[in-house]
Asks: 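Quick one: the structure is below, and I'll ask about it shortly.
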Protein chains: 2
Amino acid sequence: MSSSLSTEEKIKAAAKQVFISKGFSGCTSRELAKASGMNVALVNYYFRSKNKLFQLIFQTVMEEFFESMVSVFSSDLPLKEKLKFLIEREYAFLTKHPEIPRFIINELSRKDTDLIELTHVLPVIYNTGVIEQAIEAQKKGEMRRVDMVGITLLVISNCQYPFLAKPLIKNLHKLSDEQYQQHLELHKGMVSEMIISYLFPAAPKPNKK
Amino acid sequence: MSSSLSTEEKIKAAAKQVFISKGFSGCTSRELAKASGMNVALVNYYFRSKNKLFQLIFQTVMEEFFESMVSVFSSDLPLKEKLKFLIEREYAFLTKHPEIPRFIINELSRKDTDLIELTHVLPVIYNTGVIEQAIEAQKKGEMRRVDMVGITLLVISNCQYPFLAKPLIKNLHKLSDEQYQQHLELHKGMVSEMIISYLFPAAPKPNKK
DNA sequence: ACTTAATTTAAACAATTGTTTAAAACAATA
DNA sequence: TATTGTTTTAAACAATTGTTTAAATTAAGT
């Protein structure tokens, strides 16, 4: 399969899979090579070192990760709809790439790695105008006064964690993959309703204090 | 310090730290040995192998992890108060042991490990009577009809994720440790209010369907 | 066809891996 | 003190690690 790709692309694609599912320290150069059908020397011929290859992959994954998020923020929708849409999109993305949150969290907490800069992604989100939209809604008293960090945490906690904790919850409650999938679908609805009704209280509740 | 402990205890304590912060594949036998001031042979003398030592540590960590949770469920409180208390306790526990969620999630998703059974923990929780308490509250229409998996996910998502994502959020929003700590404290309140008001809607809202 | 450059290979490198050996140091008991 | 058994050590083991070498193969340009 995918023999139309160049050697370099094949290695990159295979390495991405391996790195995401086993982490940097969880795999070897030879495993990376074998996964793409190549040999060790070839991997280093194209990417210099395991670490260089990893940095490249990590960068790529991070961009994919924020891509769909930004696209939602850029859309022409009222804030409340953006949020609903965002949650929907996140669940869709994570259903396709359930291992990515663990990968990102893990590799970002490694102390021995060349620290990875994420400086460029926040400005991109700010430029979508979603912040002004939120401030506006808060001024009008439609939205609870929660800062950007709080909203971010609220949304991604409830989207990502159910995927992160799949092995834990499956093990704990003795669920099959299918059963867990059903729970996820159910949970998505709950989370959406809960977050929306928290951030946009039905009764026009001006923030006290 | 802690030279009053036996060699075996010293190794176990040091290994716990190392395993939790670097993971099984992220550390070496020699690192484990050095962390306790011993040598490699000594570690294997007491624990047979790196893997055996790991299994032991993992078991311990899991028990600690569920301990405080169970103690809350066993307490003599109305359900709503139990939940509030649980969130409070979780945040306290995680403030003390912020690396544990990542450790558990990571090691449980390793495919190459001897799979770890968690069969015993769920019955313990069931025996606290918290389930009956929930069913009761749901029958009386005080509580939204969400099953155990849903509630579990809701609570631990919002408690654990903020600790899991600390490096991500810190990096993204360029926050200091102190700033992040403040956000955590703020978030705890939000999460508590949000979950409670979602699960126990103020208006006696009988579940539609 | 000849030359040059790019790609791929097998083999080797030193360093590190988890684990074991066998001797030493220590403690307890007689 | 001599004799146990327990604990600790230094050294070694084969296997695997990330990386490099140098030769072989293929492709491209003339």
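Both backbone and side-chain heavy atoms feed into the values below; hydrogens, waters and symmetry mates do not.
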Asks: In whole angstroms, how far is the C1' atom of C/dG18 from the CG atom of B/Leu53?
Replies: 13 Å
Asks: Looking at B/Phe54, does the NZ or CZ of B/Arg110 lie under 6.0 angstrom from its six-membered ring centre and within 45 degrees of the ring axis?
Replies: yes
Asks: Rounded to whole angstroms, how far apart are NZ on B/Lys50 and P on C/dT17?
Replies: 9 Å
Asks: Roughly, in whole Å, what's the span from CZ in B/Arg48 to P in C/dT21?
Replies: 11 Å
Asks: Rounded to the nearest angstrom, tell me the gap between atom CG in B/Asn39 and atom C1' in C/dA23.
Replies: 14 Å
Asks: When the nearest nucleotide of DNA chain C is assigned to B/Ser29 and to A/Glu8 on a heavy-atom basis, which residue is associated with the more 5' position?
Replies: A/Glu8
Asks: Between B/Gln133 (side chain only) and B/Leu77 (backbone N and O only), is there a donor and an acceptor less than 3.5 Å apart?
Replies: yes
Asks: Using the rule given for salt bridge (charged side-chain N to carboxylate O under 4.0 Å, His left out), can you reason through B/Glu142 versus B/Lys80, listing the C-alpha separation, both sets of side-chain angles and the distance that settles it, and then say yes or no?
Replies: CA-CA 10 Å; B/Glu142 297 165 358; B/Lys80 202 195 278 192; over 6 Å; no
Asks: Starting at the 5' end of DNA chain D, which residue's closest nucleotide do you reach first, B/Arg30 or A/Arg30?
Replies: B/Arg30
Asks: Would you mind telling me which residue lines up with the more 5' stretch of DNA chain C, A/Tyr45 or A/Ala41, judged by nearest nucleotide?
Replies: A/Tyr45
Asks: May I have the distance from B/Leu32 (atom CG) to C/dT17 (atom P), rounded to whole angstrom?
Replies: 11 Å
Asks: Taking the side chain of B/Leu42 as heavy atoms from C-beta outward, which of D/dT9, C/dT8, D/dT19 is closest to it?
Replies: D/dT9
Asks: Within less than 4.0 Å of OP1 or OP2 of C/dT7, is there a side-chain N or O belonging to A/Thr7?
Replies: no
Asks: Could you tell me how far apart B/Lys34 (NZ) and C/dT17 (P) are, to the nearest whole angstrom?
Replies: 11 Å
Asks: Could you tell me whether B/Tyr46 contacts a base, only the sugar-phosphate backbone, or nothing, with contacts defined as non-hydrogen atoms closer than 4.0 Å?
Replies: sugar-phosphate
Asks: Of all heavy-atom pairs between B/Val146 and B/Tyr198, which one has the smallest distance, and what is that distance?
Replies: CG2-CE2, 4.5 Å
Asks: Flag this pair as yes if the NZ/CZ of B/Lys82 is under 6.0 angstrom from the six-membered ring centre of B/Phe73 and inside a 45 degree cone about the axis; otherwise no.
Replies: no
Asks: For A/Thr28 and for A/Asn44, locate the closest nucleotide of DNA chain D by heavy-atom distance; then report the residue assigned to the nucleotide nearer the 5' terminus.
Replies: A/Thr28
Asks: To the nearest Å, how far apart are A/Phe47 CZ and D/dT20 P?
Replies: 16 Å
